[in-house]
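The structure under discussion appears below in the form of structure tokens.
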Amino acid sequence: MQPGLPHYLAVSALLFSLGLLGVIARRSLLVMYMSLELMLNAANLALVAFSRFNQNLNGQVMVFFIITVAAAEVAVGLALIVALFRKRQTSHVEDLASLKL
Amino acid sequence: MNSSLIVVEILVALLGLGVLLADLWMPATHRRRLGWIAAGGLAVIFFVGMKDAAEVAYAFGAPGAKTGMYVQDSLGVFFKQFFLLAGILVLIMSVEYSGRFATGVSEYFSLTLFALLGMLFAAGTNDFTLMFAALELITITFVVLVSFQRDRASSIEAGVKYLILGATASAFMVFGIALVFGSAGTTNFNEIAAAQKTLASNPIFLVGLVFVLAGLSFKIAAVPFQVWAPDVYQGSPAPTTAFLAVGSKAAGIVLLLRVLYAAVPTITAQWHVLFVVIAALTILYGSLCAIPQRSVKRLMGYSSIANAGFLLLGVAALSKAGAAAMIYYIAGYLFTVLAAFTVLSVVLAQTESDDISTFNGLGQRSPMLAAVLTLSMASLAGVPPLAGFVGKFLLLKSVVPMAATHPIYLGLLAAAVVGVVISIYYYFGIIRAMYWGGKAGASEPLQTSWPIKGALLVCVVGMLWLGILPDTLVQISTPAVEVLKPELPVKVAVAP
């Protein structure tokens, strides 16, 4: 059987849900960050699939934007997590509770 | 291809890069001057570079197409002037505050300029791709700006929270854009608007649109995407908080207006109940949670949520009057909030805590600063004759005609009035601390430099101008929203 657009979209939706689950359920900042990348890549997969099956290359250009932005986000994010670890010796979200009421 | 339209953006980008480069040759003791240079450069761009948008012009479209990624129209020009003014005032504030940064003073100025660049592009967005790029430019630079005081644990914590929640919102938006692209075959607002009658019944398109709106709601801190605002506002350096409150929120508002009224007005009209519910919940959440707060910056975070709710009244109104009231309100909000944060950053530059008791006795210590903060709190609470009063009045007035169409609008009006009443209580808590709060910790008057005095003067004049002579801005805001095409909901028979 030839995989069609619905198959790619199903995989993409699955990836997105897995990423969202990871962000919500996991407690380590690094794993949450990886899950966020998974969500972005789910969008990439959907865009490429739509481009391929609709014969419209604009979606693939958008993918390049997303990859670039994700790289910038990772650079800033990892630097921030390292700074947090130096300050607090932790990278768990439970320990980020000094700001409240 | 008409890249002369983005000359303001190019100049701001060059200014940002110039500040970064100049840092290499500038001795460390003189780096604060770069902030003045940046603010001066923006002032030159503000007074010289802005042109009136006589007619709608597009840039970066397909050859021969009558549309493009970037649009220059009256709405875009209004918001570009708004962002440039906010950028100037925030830079003046951050030069004053920069003594608190251990390192990287000039990077702070240049990142502020890059965030401003993202906002300028957001003002002229006519395509989901450009919207994504502009929003990410704002979000990623703000992550750095929020966590800039690396020696303070609370600043880093705020940065991490903004990073994780902001990236989640971006991921939702990107996935939404993918679905919109897949179902519409284009990301251009005009082309989507032309096809929206058929797209309105396409579930993939609607799911995508919901995801995009979720990303935008995060930017303006509307329920249910508001949890980040209090923490991030409290932990960030004061100038960053001010820029988040004004610039980042206004970027969300202009994008929301463009998406809802330029790209999908028919679907917006179908969803009016959703916007009513979100606006009411946002007002009530922000107002109720602000009551017990002791930290002034955190209080401003909840106040910013409540104000996002008031702005959404204009969306719920589904009319040009509503959109015009929104941009009137946000212009008043600019002067009001920047006045408050300029005073805050002068007061907080000396102390570590931002508890309300820090403001005790400010009325005797620095009568001028206390008077400005009093004016701005009164304006936020909606006391006439200040900008906040006219803004709230116009927003409520725009919603009133809709009350005849659907009873839920009466609930929205009630929520807005309750929100205003509650807000008087918590804003006046700060005024009470300044004049009747007991003895101050320190009694010597606070030093204010002349640029800070100038910035405060601009804010006070702006607040009074918009409060006393509302017609002058209404004459600008009404034609500015002419490019938007709101529609009223069609009465549909409820399926049995």
Side-chain angles (χ1 to χ4, degrees), chain A residues 5 8-9 12-13 15-16 19-20 23-24 29 32-33 35-51 53-56 58-59 61-63 65-66 68-70 72-81 83-88 91 93 95-101, chain B residues 62 127-130 132-133 135-137 139-141 143-144 146-147 150-168 170-183 185-188 204 207-208 211 230-235 289 292-295 298:
Chain A
L5 181 59
Y8 286 102
L9 290 186
S12 153
L15 273 180
F16 189 81
L20 187 60
V23 174
I24 294 171
L29 279 174
M32 286 168 82
Y33 218 60
S35 308
L36 281 169
E37 293 302 311
L38 208 58
M39 288 167 84
L40 288 181
N41 282 321
N44 283 346
L45 182 62
L47 278 170
V48 171
F50 278 128
S51 280
F53 286 93
N54 294 345
Q55 309 294 328
N56 180 344
N58 289 349
V61 177
M62 179 83 190
V63 170
F65 274 95
I66 296 174
T68 322
V69 163
E73 213 163 47
V74 164
V76 170
L78 288 183
L80 195 52
I81 293 173
L84 175 80
F85 193 81
R86 280 197 187 156
K87 191 83 194 164
R88 295 260 188 102
S91 66
V93 275
D95 303 317
L96 294 178
S98 68
L99 292 171
K100 56 185 162 194
L101 194 60
Chain B
D127 191 295
F128 279 113
T129 313
L130 182 60
F132 168 72
L135 274 185
E136 287 304 310
L137 186 53
T139 308
I140 296 178
T141 42
V143 170
V144 188
V146 164
S147 49
R150 270 178 311 177
D151 45 336
R152 269 178 55 214
S154 62
S155 187
I156 295 192
E157 179 176 330
V160 170
K161 284 179 175 168
Y162 191 64
L163 173 79
I164 297 288
L165 295 170
T168 315
S170 306
F172 268 99
M173 199 167 68
V174 169
F175 199 69
I177 292 175
L179 295 181
V180 165
F181 167 76
S183 48
T186 172
T187 50
N188 186 287
I204 295 183
V207 170
F211 279 17
D231 285 357
V232 173
Y233 276 50
Q234 187 186 0
C289 292
Q293 299 307 326
R294 294 293 303 167
S295 152
R298 197 172 177 83

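Reminder, nothing fancy here: chain letters follow the sequence lines and each chain counts from 1.
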Looking at every heavy atom in both B:Gly185 and A:Asn56, which two are closest together, and how far apart are they? O-ND2, 2.7 Å

Can you check whether A:Asn58 reaches B:Thr186 side chain to side chain, under 4.5 Å on heavy atoms? no

Give, for atom CZ of B:Phe175 and atom CG of A:Asn44, the distance between the pair rounded to the nearest 0.5 Å. 11.0 Å

A:Ala72 to B:Ile140 - nearest heavy-atom pair and separation: CB-CD1, 4.0 Å

Rounded to the nearest 0.5 Å, the CG atom of B:Leu130 sits from the CZ atom of A:Phe65 at a distance of 8.0 Å

Taking side chain as everything from C-beta outward and backbone as N, CA, C, O, which of these in A:Val23 sits under 4.5 Å from a heavy atom of chain B? Side chain, backbone, both or neither. side chain

Between A:Leu96, A:Asp95, A:Val63, which residue shows the highest count of heavy-atom pairs closer than 4.5 Å to chain B? A:Leu96

Least distance between heavy atoms, A:Met39 atom then B:Thr168 atom: CE-CG2, 4.2 Å

Structural part of A:Ser51 lying under 4.5 Å from a heavy atom of chain B: both

Separation of A:Asn54 CG from B:Phe181 CZ (nearest 0.5 Å): 6.5 Å

Interface moiety of A:Ser12 toward chain B, non-hydrogen atoms closer than 4.5 Å: both

Heavy-atom side-chain contact between B:Phe132 and A:Met62 under 4.5 Å: yes

Heavy-atom distance under 4.5 Å to chain A: side chain of B:Leu179, backbone, both or neither? both

Side chain, backbone, both or neither: which part of B:Thr129 has a heavy atom under 4.5 Å from chain A? both

Under 4.5 Å from any heavy atom of chain A - which part of B:Tyr162: neither

With chain B, the option among A:Gly77, A:Ala13, A:Ala46, A:Ala79 that has the most non-hydrogen atom pairs under 4.5 Å is A:Gly77

To the nearest 0.5 Å, what is the distance between CD1 (B:Ile164) and CG (A:Leu80)? 9.0 Å

Please report the closest heavy-atom contact between B:Glu157 and A:Ala97, naming both atoms and the distance. OE2-N, 3.5 Å

Quick one: which of A:Leu5, A:Leu20, A:Leu45, A:Leu9 has the most heavy-atom pairs under 4.5 Å with chain B, could you say? A:Leu20

Contacts of type side chain to side chain contact (heavy atoms under 4.5 Å, CB included), residue B:Leu165, not counting sequence neighbours: B:Phe218, B:Val227, B:Trp228

Kindly give the heavy-atom pair with the smallest separation between A:Tyr33 and B:Leu163, and that separation in Å. OH-CD1, 3.4 Å

Aromatic ring pairing B:Phe172/A:Phe16, orientation class (parallel under 30°, perpendicular over 60°, tilted between): perpendicular

